[in-house]
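Protein chains get the first letters and strands the later ones, always in sequence-line order, with residue 1 at the start of each.
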There are 2 protein chains.
Amino acid sequence: MGPNEIKHNAPTPPYVQLAAILRSRVERGDWRPGEPIASELRLTEEYGVSRGTVRRAIAVLVDEGVLFVVPHRGTYVAER
Amino acid sequence: MGPNEIKHNAPTPPYVQLAAILRSRVERGDWRPGEPIASELRLTEEYGVSRGTVRRAIAVLVDEGVLFVVPHRGTYVAER
DNA sequence: TCTGATTTGTCCGTATGTATG
DNA sequence: TCATACATACGGACAAATCAG
């Protein structure tokens, strides 16, 4: 883990921090294009934030074209 | 209550008066270690001061190690 | 077909964080 | 100092869709 921890008292909001973490995990190849990333519930447990924060972070990456959501199925890594 | 009233025309600033009141309430065991005290909104209603004043008073006690704040969750009594 | 588990969708209430006048 | 507004975050609850058995 290391730096991949959410700081609640940082000037950068948790959802922005988490978005950066998830972005780097995708770039690192942690999750490959076309494959699902961890579920929202899993991410809340892994990073100690609320689901609302997780969903907001995902929304950022969806907006960037890094991820896409399939309703009731999961969140996936976009194809390049 | 009784003496636990904020005097706006006193030489001692409201936030200092409130800090003293809250400190005594903790010492009295009104709120126990690890448990949350009243919310900022609740305290503004209870003592007739603005939220800014409440937050300033809390900041004093946090500085003293009497209280600690969990962002977006509440203000708690420090252990010990 | 049925059942239960999983996942995202949505809404609500409450709390603190921050900024402005 | 006060009053107000909005942003950010947390937690809970329930619905709807999906999937595996």
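The side-chain hydrogen bond (donor to acceptor under 3.5 Å, both in side chains) test applied to A:Arg56 returns no partner, not counting sequence neighbours.
Here D:dC10 presents its C1' atom at 16 Å from CD of A:Glu45, a figure rounded to the nearest Å. Per the geometry, CZ belonging to A:Arg56 stands 14 Å off C1' belonging to D:dG11, to the nearest Å. Rounded to an integer number of Å, the gap from A:Leu67 CG to C:dT8 P is 11 Å. When the C1' atom of D:dA7 is taken as reference, atom NE2 of A:His8 falls 16 Å away, rounded to whole Å.
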query: Taking protein heavy atoms under 4.0 Å as touching, what does nucleotides 10-21 of chain C look like 5' to 3' if B marks base contact, S marks sugar-phosphate-only contact and - marks none?
result: B----BBBB---

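The pair A:Arg25-A:Glu35 does not count as a salt bridge, with every side-chain nitrogen at least 4.0 angstrom from each carboxylate oxygen. A salt bridge does not link A:Glu27 with A:Arg23: none of the charged nitrogens is closer than 4.0 Å to a carboxylate oxygen.
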message: Checking B:Thr75 against B:Phe68 for the side-chain contact (heavy atoms from CB on, under 4.5 Å) test, could you report, in this order, the C-alpha distance in whole Å, the side-chain angles of both residues, the deciding distance, and whether it holds?
response: CA-CA 6 Å; B:Thr75 302; B:Phe68 66 97; over 6 Å; no

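The side chain of B:Thr53 places an N or O atom within less than 4.0 Å of a non-bridging phosphate oxygen (OP1 or OP2) of D:dC2.
When every heavy atom of A:Ala57 is checked against every heavy atom of A:Tyr15, the shortest pair comes out as CB-O, 3.4 Å. Nearest heavy atom pair, residue B:Ile37 against residue B:Val77, reads CG2-CG2, 3.7 Å.
Of the two residues near DNA chain D, B:Tyr15 and A:Ser50, the one whose nearest nucleotide lies more 5' is B:Tyr15.
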